[in-house]
Amino acid sequence: MSEFKHDNISIWSDTVELPSYPKLENDIETEVLVVGAGITGLMNAYQLAMKGYKVTVIDTDYILGGTTANTTARIMAQQGLLYSQIMKQKDKETARLYYDSQMDAIDEMEAIGKKHNIDGDFRRVDGVIYVEEEASVSALEKEAEAYQELGIDGTLLKKELDFPFETSAELVMRNQAEFHPLKYLKGILEVLEEKGVKIYEHTRGKSLDGDTLTTNDGDNIYFKQLIIATHFPFLDYQGFYFNSFKINRSYGLVVTTSTPPPENVSLSGHDGPSLTTRHIMGADNELPTLLFGGMGHMSYMEKDMIDQLEKLRLYADQKTSNHERLYAYRAQDLMTADSMPFIGYFDKDHDNRFVAAGFNKYGMTNGVLSSMIISDLIEGKDNRYHDIVSPQRSKGVFQQLKQHATTPMESMSIETKNMLKNYPSADEVDLSAGEGAVVRDGMMKKGLYRDENSNEYYVVDNRCTHMGCSLSWNQPDKTWDCPCHGSRFNFKGNVIEGPATTDLDVEVKKTND
């Protein structure tokens, strides 16, 4: 895997130079405070800035440096075999409303891009779910029946599309989209700057007292409206969010190929390795460039990133004749019990706190949808989609109980396995420069990392500061990752992804070299 760039660099971030923003270093006041500067946060800031609100955005790390930079960037109302599921678990009206919400979000993205003349490589494509085995065709037939009953613009085909690999059936949903997320959002940033929106990087929200948010450095932000648009909601205890999501980890691979699928489709496999596949338009390569996604698993199923990427490469090579392998990365997604997002009021006790999270791998549409819903709520307007995605909605008794029961059990299972592992002693382990490992330090576990550029070791506490789960070392990304709720820390122990808000305790030691 040495030929891959796999240190959280994707083709999106390598092809766009983003502006940098200062760190907050004093107390400020604002009408609207948006916490999180991915697509969700920036689109919420955009909607409210366009309506004349004074908006401030803060982010823990660099702007657009997290999930938004490591995404397939498929803008889809076709989200697996979802509509037959919603009709079964809820009703026909909810299923149709959810489809309409996703299509409206796609239209909104297109309209905003045209309004501001943003070059975001936005283009319409057909979404296609395919199956390879005859035994799987019936699942597509059931979803096709839901399309017909709901009036969704789509159809079921049998081996009629010109793919470079064999399929048994294909379910098409028309008028979907793709784009270059960072090109598009760079254009949004330019609009925000014109509207006077203040943006601060390396500024982490840590605590909340009434209408005052305090950052990790002790600065206060006084707000009238708060939008929590972080990937995992920080302050998650108040809304019981820590037990509302499961964390799915998946992998991305960018390759050049001589046998691409048609350019006007965005593919998703339902059986077999279940890969997603899309073209990357405008890439500066002689051959067509494809992005494959897949090999997903729940975070408690701890799997080696390099092994998963190698499996993804092997499966991708079975689909198309691939040549140069350019990029690889890992992403995290929050999954909800009923497969629909959480968008709306953060809790029942505050009418000026809002949240957008739990996008089930479809953050491009749902991030935009959240900006449409939350801006309406702030203005006191009804939004016809709010009830079906409200965090306070009924998620389905069986699904919700199952998730709330299994999530703690899965966390306990992780801890039990970690307790039984035989970790090397901190005094005996031999790490090369740039390597990390979990080690024993007396009766305690620690995280040990040997710096690449100095003769120093970073020794961190191995317990996540969120809820105390044991952390795993992610060598390719050089991060400490929490398998329970998805928090991530860099090798120095600094939070780079929540829900954790507090850094790990760290000690720096000199090596003997």
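- One finds a salt bridge joining R124 and D107 here, because a Lys/Arg side-chain nitrogen approaches an Asp/Glu carboxylate oxygen to under 4.0 Å.
- Qualifying salt bridge (charged side-chain N to carboxylate O under 4.0 Å, His left out) partners for K115, counting only residues two or more places apart in sequence or in other chains: none.
- In K51, the NZ atom is crowded: over 12 heavy atoms of neighbouring residues, nucleotides or ligands sit closer than 6.0 Å.
- Under the 30°/60° scheme for interplanar angles, the aromatic rings of Y83 and Y99 are found to stand perpendicular.
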Stepwise side chain to side chain donor-acceptor pair (under 3.5 Å) test for N220 and T214: CA-CA 5 Å; N220 294 317; T214 302; 2.8 Å; yes

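- Ring pair F245/F342 is tilted by interplanar angle, where 30° to 60° counts as tilted.
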Check against side chain to side chain donor-acceptor pair (under 3.5 Å), T56 and T30: CA-CA 6 Å; T56 299; T30 188; 3.0 Å; yes

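- With sequence neighbours left out, S487 forms a side chain to side chain contact (heavy atoms under 4.5 Å, CB included) with C464, H466, C482, F489, P499, A500.
- For the 3.5 Å distance criterion, the side chains of Q102 and N366 qualify, holding a donor opposite an acceptor.
- Separation of the H386 and Y345 ring centroids falls under the 6.0 Å cut-off.
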Evaluation steps, side-chain contact (heavy atoms from CB on, under 4.5 Å), between H116 and Y46: CA-CA 12 Å; H116 300 289; Y46 168 85; 2.7 Å; yes

Show which side-chain atoms of residues 172-180 pair as donor or acceptor with protein atoms under 3.5 Å away, not counting sequence neighbours.
| from | atom 1 | to | atom 2 | distance (Å) |
| --- | --- | --- | --- | --- |
| R174 | NH1 | D153 | OD1 | 3.0 |
| Q176 | OE1 | A77 | N | 2.5 |
| Q176 | OE1 | Q78 | N | 3.4 |
| Q176 | NE2 | R174 | O | 3.0 |
| E178 | OE1 | R123 | NH2 | 3.2 |
| E178 | OE2 | S266 | OG | 3.3 |
| H180 | ND1 | L182 | N | 3.4 |
| H180 | ND1 | K183 | N | 3.1 |
| H180 | NE2 | T15 | OG1 | 2.9 |

Side chain to side chain donor-acceptor pair (under 3.5 Å) between Y98 and Q79, worked out: CA-CA 11 Å; Y98 186 73; Q79 300 175 8; 2.8 Å; yes

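- Partners of K88 by side chain to side chain contact (heavy atoms under 4.5 Å, CB included), not counting sequence neighbours: none found.
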Pair Y362-M76, side-chain contact (heavy atoms from CB on, under 4.5 Å): steps then yes or no: CA-CA 7 Å; Y362 294 94; M76 310 293 288; 4.1 Å; yes

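- Not counting sequence neighbours, the partners of R204 by the salt bridge (charged side-chain N to carboxylate O under 4.0 Å, His left out) test are D503.
- Between W473 and Y449, the distance separating the two ring centers is shorter than 6.0 angstrom.
- Counted within 6.0 Å of CD on E29, heavy atoms from surrounding residues, nucleotides or ligands total 12 or fewer; the atom is thus considered open.
- In plain terms, the two heavy atoms of E143 and S84 that are nearest each other are OE1-OG, 2.6 Å.
- A salt bridge does not link D61 to R488: none of the charged nitrogens lies less than 4.0 Å from a carboxylate oxygen.
- Atoms CG and CD, on N70 and Q332 in that order, are 11.0 Å from each other to the nearest 0.5 Å.
- Under the 6.0 Å cut-off for aromatic ring centres, H297 and Y251 qualify, their centroids lying closer than that.
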Check against side chain to side chain donor-acceptor pair (under 3.5 Å), D387 and S390: CA-CA 5 Å; D387 287 347; S390 167; over 6 Å; no

Return a table of donor-acceptor pairs under 3.5 angstrom between the side chains of residues 185-199 and protein atoms on other chains or two or more places apart.
| from | atom 1 | to | atom 2 | distance (Å) |
| --- | --- | --- | --- | --- |
| K186 | NZ | E17 | O | 2.9 |
| E193 | OE2 | Y21 | OH | 2.6 |

